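The structure under discussion appears below in the form of structure tokens.
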Amino acid sequence: ENVAIINNGGSGIVGQSGSMTVAASSVTGNGLNGIEFDGISKAVVTDTTISGNGIGGTPASADGIQLNNAVDVTVGGSTISGNAKAGIRSTNSDTVAVSNNVITGNGAVGVVVDGGVGNSILSNSIYANALLAATTADGISLRNGGNADQAAPVIDTAAFLDGRIAVTGTLTLPDRYTGDYRIQVFFNPSTTASSVQGQQLLGTIVVNFADERTKDFSGAFVSVPSSPGNYVTATATPSTGDLNTSEFSVPRVIGPVQL
């Protein structure tokens, strides 16, 4: 706690067994990963800056936080920025909780979930991470069955309405489901769809499924300084069972003011 780990030739922090807590610290400018947890069974990263790692080292495998076969890892209240590759890369790891972080300016995807289930990605600010060719999954990317390929919502409409940003959409699941889903809606000040991720959380819509596959949702959120031509995106996360968060939805442009 309260340490600065700077400019090491390898990874800044490595945990390989048991549990570990990294709190109120700075992990910057290291040659490989900022933080690397391999096979760890419980870990917490909180209120920590992880930035500029892997620059000039081995960028092909250098991430801000890299989790390999880890379980029960919490990453919260931290800034993860400017790392050579992904902000957070979770490989074959389960029950990872990523919440209330700023994840920006990384050289690859903001958060990668490569295999593993139950990984929740909630209430973060994820933006300006490097784009992947021919995909909008540069904010969150599910790979190789990560998070059971949780379906993303579809935003059908987005418009200014009575001083709020109103959205409607649909979530379609592969199988019937009973229980709640959290739809988190994000505002993006960009006017270019290809660069949109999930910069500012507008709010959460709770959608109840009753042995159903498809459910419509709608919500209206206090408007932020914006203009027609900006975008909204959304993610979906079940409230029970494996907390698998989806990728961001396809961006939907916010339409003109409706009176």
Side-chain angles (χ1 to χ4, degrees), residues 1-8 10-16 18-38 40-55 57 59 61-68 70-91 93-114 116 118-130 138-141 146-147 184 186 188 197-201 204 235 237 243 245 248:
E1 186 173 349
N2 294 309
V3 298
I5 301 170
I6 301 172
N7 297 331
N8 290 296
S11 295
I13 295 174
V14 177
Q16 296 183 317
S19 61
M20 178 177 288
T21 297
V22 180
S25 298
S26 178
V27 184
T28 62
N30 298 287
L32 296 177
N33 303 303
I35 298 173
E36 180 180 339
F37 291 148
D38 299 317
I40 205 162
S41 59
K42 190 173 184 64
V44 175
V45 178
T46 182
D47 190 26
T48 290
T49 297
I50 304 107
S51 67
N53 296 289
I55 307 298
S61 60
D63 304 305
I65 299 176
Q66 189 176 100
L67 310 173
N68 302 303
V71 179
D72 291 339
V73 177
T74 298
V75 181
S78 296
T79 297
I80 305 162
S81 65
N83 299 287
K85 287 295 184 180
I88 300 174
R89 186 184 305 274
S90 172
T91 302
S93 298
D94 299 326
T95 56
V96 175
V98 178
S99 63
N100 298 295
N101 302 285
V102 176
I103 303 172
T104 183
N106 296 289
V109 178
V111 181
V112 177
V113 180
D114 189 348
N119 302 297
S120 61
I121 306 163
L122 296 167
S123 305
N124 300 283
S125 174
I126 301 176
Y127 66 100
N129 298 287
D138 34 76
I140 301 171
S141 179
N147 274 1
Q184 291 207 312
F186 297 84
N188 298 273
Q197 297 173 20
Q199 184 162 346
Q200 181 176 346
L201 177 65
T204 301
T235 61
T237 308
L243 305 184
T245 297
F248 287 112

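This structure is a prediction, so every number in the text was calculated from the model and none was measured. Atom set for the values below is all heavy atoms of this structure, side chains included, hydrogens, waters and symmetry mates excluded.
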Worksheet item: Do I103 and V111 touch side chain to side chain, with heavy atoms closer than 4.5 Å?
Response: yes
Item to complete: Name all residues meeting the ring pair (Phe, Tyr, Trp, His ring centres under 6.0 Å) criterion together with F186; count only those two or more places apart in sequence or in a different chain, and write none if there are none.
Response: F248
Discussion item. Please report the interatomic distance CD1(I50) to OG1(T79), rounded to the nearest 0.5 Å.
Written reply: 8.0 Å
Fill in: Exercise: identify the closest heavy-atom pair between G107 and A130
O-CB, 3.1 Å
Worksheet item: Does a donor on one side chain and an acceptor on the other come within less than 3.5 Å for S125 and Q199?
Response: no
Fill in: Close side-chain approach of I80 to I65, heavy-atom, < 4.5 Å
yes
Worksheet entry | Flag for N129-Q197: side-chain donor and acceptor within less than 3.5 Å | yes
Discussion item. Donor-acceptor pair, distance only, cut-off 3.5 Å: does the side chain of N101 make one with the backbone of S78?
Written reply: yes
Worksheet item: Does the side chain of D63 come under 3.5 Å of the side chain of N83 through a donor N or O and an acceptor N or O?
Response: no
Worksheet item: Any side-chain donor paired with an acceptor under 3.5 Å for T91 and D114?
Response: no
Worksheet item: Where do G54 and A62 come nearest, in terms of heavy atoms and distance?
Response: CA-CB, 3.5 Å
Discussion item. I'd like to know whether V109 forms a side-chain contact (heavy atoms from CB on, under 4.5 Å) with I140, so could you lay out the CA-CA distance, the side-chain angles of the two residues, the decisive distance to 0.1 Å, and finally the verdict.
Written reply: CA-CA 6 Å; V109 178; I140 301 171; 5.7 Å; no
Fill in: No-hydrogen, no-angle side-chain donor-acceptor test under 3.5 Å, T204 and Q184
yes
Discussion item. To check you understand the geometry: which heavy-atom pair defines the closest contact between A86 and A108, and what is its length?
Written reply: N-CB, 3.7 Å
Worksheet item: Pick from N188, T104, T235, I121: which one makes a side-chain contact (heavy atoms from CB on, under 4.5 Å) with I126?
Response: I121
Discussion item. Just to verify, which of D72, L67, V71 counts as forming a side-chain contact (heavy atoms from CB on, under 4.5 Å) with S93?
Written reply: L67
Discussion item. For N33, is there any backbone N or O sitting under 3.5 Å from a side-chain donor or acceptor partner on N53?
Written reply: no
Worksheet entry | Pairwise side-chain contact, V27 with V45, heavy-atom cut-off 4.5 Å (strictly under) | no
Item to complete: For the pair Q16 and I40, evaluate side-chain contact (heavy atoms from CB on, under 4.5 Å) and give the outcome as yes or no after the intermediate values.
Response: CA-CA 5 Å; Q16 296 183 317; I40 205 162; over 6 Å; no
Worksheet item: Does the side chain of V98 come within less than 4.5 Å of N124's, by heavy atoms?
Response: yes
Practice prompt. Measure the spacing between CG of N119 and OG1 of T237 and express it to the nearest 0.5 Å.
Written response: 10.5 Å
Response to the item:
Nearest heavy-atom contact between V14 and S11 is CG2-CB, 3.7 Å
Worksheet item: How about I88 and V75: do any of their side-chain heavy atoms sit closer than 4.5 Å?
Response: yes
Worksheet item: Do E36 and N68 touch side chain to side chain, with heavy atoms closer than 4.5 Å?
Response: yes
Item to complete: Determine whether I13 and V22 make a side-chain contact, defined as any pair of heavy atoms from C-beta on separated by less than 4.5 Å.
Response: yes
